[in-house]
Amino acid sequence: MSKPLPKKFFHQDAQILAKQLIGKVMRSKYHDMWLSAQIIETEAYYLADKSSHASLGFTEKRSALFMPAGTIYMYYSRAGDSLNISCKGKGNAVLVKSAVPYFDDNAQMIEMMRQLNPAKNGVRSINKLCAGQTLLCRALNLKVKEWDQQPFDPKRFFIEDVGYQPNTLIQTTRLGISEGRDEDLPYRFIDYDYVDSCTSNPLRKKKEVFWTLIPASDL
DNA sequence: CCAAAGATGCGCT
DNA sequence: GCGCATCTTTGGG
């Protein structure tokens, strides 16, 4: 079950890569168990855009953003780890925002994910187990200390093309960007068929939120 | 100190 | 289900 995305795959424009990553499956080995989740939501960030960490300048902490395409950039903020991947052009990257558990071989995987990412009250439903950039890192046991500035490793953590093609993507604005920091750029992408498992559903917002649909024929 | 590419509970619709 | 207040941890100023 192991056909990691080739390095070349990450050598694409951030928005293209963000769209291409939708539907791909992350696989992380925890002890002897593979934990797998299909990416359903991503965001693109560019060196020139004021919301990107890279735009704040090169530092040791942010150096992964300036390393070759396909380098993992992880950072810790607001009580959780987040996963990014560098892409074409120094300082450009894609943030993986949410996923859904993908179980093609292991029935115990969900229990392990629940253990790694417990809900404070009750049990986290399967479709919300990886519904957030820090939640998915928790459920897959991905840590800054272990993966920041590293390339993917087919033996421990990689992303795989399982042949899934989304029918439609939602394109909308990124979340958590403060005013004046290019908050209106439409660089967030969601698999329409899994919109109920994303961090926040733009289609059902009462407030005015920009979104548009991208059909499969345009991908 | 406090902002940060967040998450959660609670009250309301 | 939505919006807002509140809690969260860490590194840079």
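First the proteins, then the strands, lettered A, B, ... as listed; each starts at 1.
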Visitor: Do we see a donor-acceptor contact under 3.5 Å between the side chains of Gln133(A) and Ser82(A)?
Guide: yes

Visitor: Strictly below 4.0 Å: does Asn121(A) bring a side-chain N or O up to OP1 or OP2 of dT8(B)?
Guide: no

Visitor: Check whether any side-chain nitrogen or oxygen of Lys207(A) sits under 4.0 Å from OP1 or OP2 of dC4(C), and answer yes or no.
Guide: yes

Visitor: Measure the distance from NE2 on His53(A) to C1' on dG11(C) and round it to the nearest whole Å.
Guide: 12 Å

Visitor: What's the CG-P distance between Leu135(A) and dA5(B), to the nearest Å?
Guide: 17 Å

Visitor: Does Tyr45(A) lie flat on the base of dA5(B), that is, centres under 5.5 Å apart and planes under 30° off?
Guide: yes

Visitor: Check the phosphate of dA7(B) against Arg138(A), side-chain N and O only, distance under 4.0 Å to OP1 or OP2. Yes or no?
Guide: no

Visitor: How would you label the contact of Ser77(A) with the nucleic acid (heavy atoms, under 4.0 Å): base, sugar-phosphate, or nothing?
Guide: base

Visitor: In whole Å, what separates the P atom of dC1(B) from that of dA5(B)?
Guide: 23 Å

Visitor: Contact class for Arg174(A) vs. all strands (heavy atom < 4.0 Å): base, sugar-phosphate, or nothing?
Guide: nothing

Visitor: For a quick test of reading the model: is some side-chain N or O of Lys206(A) closer than 4.0 Å to OP1 or OP2 of dG1(C)?
Guide: no

Visitor: Does a donor on one side chain and an acceptor on the other come within less than 3.5 Å for Tyr46(A) and Asp13(A)?
Guide: yes

Visitor: Can you identify which nucleotide, out of dA5(B), dT9(C), dA4(B), has its nearest atom closest to the Tyr76(A) side chain?
Guide: dT9(C)

Visitor: Figure out the CD/P separation between Glu43(A) and dA5(B), and round it to whole Å.
Guide: 11 Å

Visitor: Between Lys120(A) and dC7(C), is there a side-chain N or O to OP1/OP2 distance below 4.0 Å?
Guide: no

Visitor: Once you round it to whole Å, what is the distance between P of dT10(C) and CZ of Arg62(A)?
Guide: 18 Å

Visitor: Name the orientation class of the two ring planes belonging to Phe152(A) and Phe10(A) (parallel below 30°, tilted from 30 to 60°, perpendicular beyond 60°).
Guide: parallel

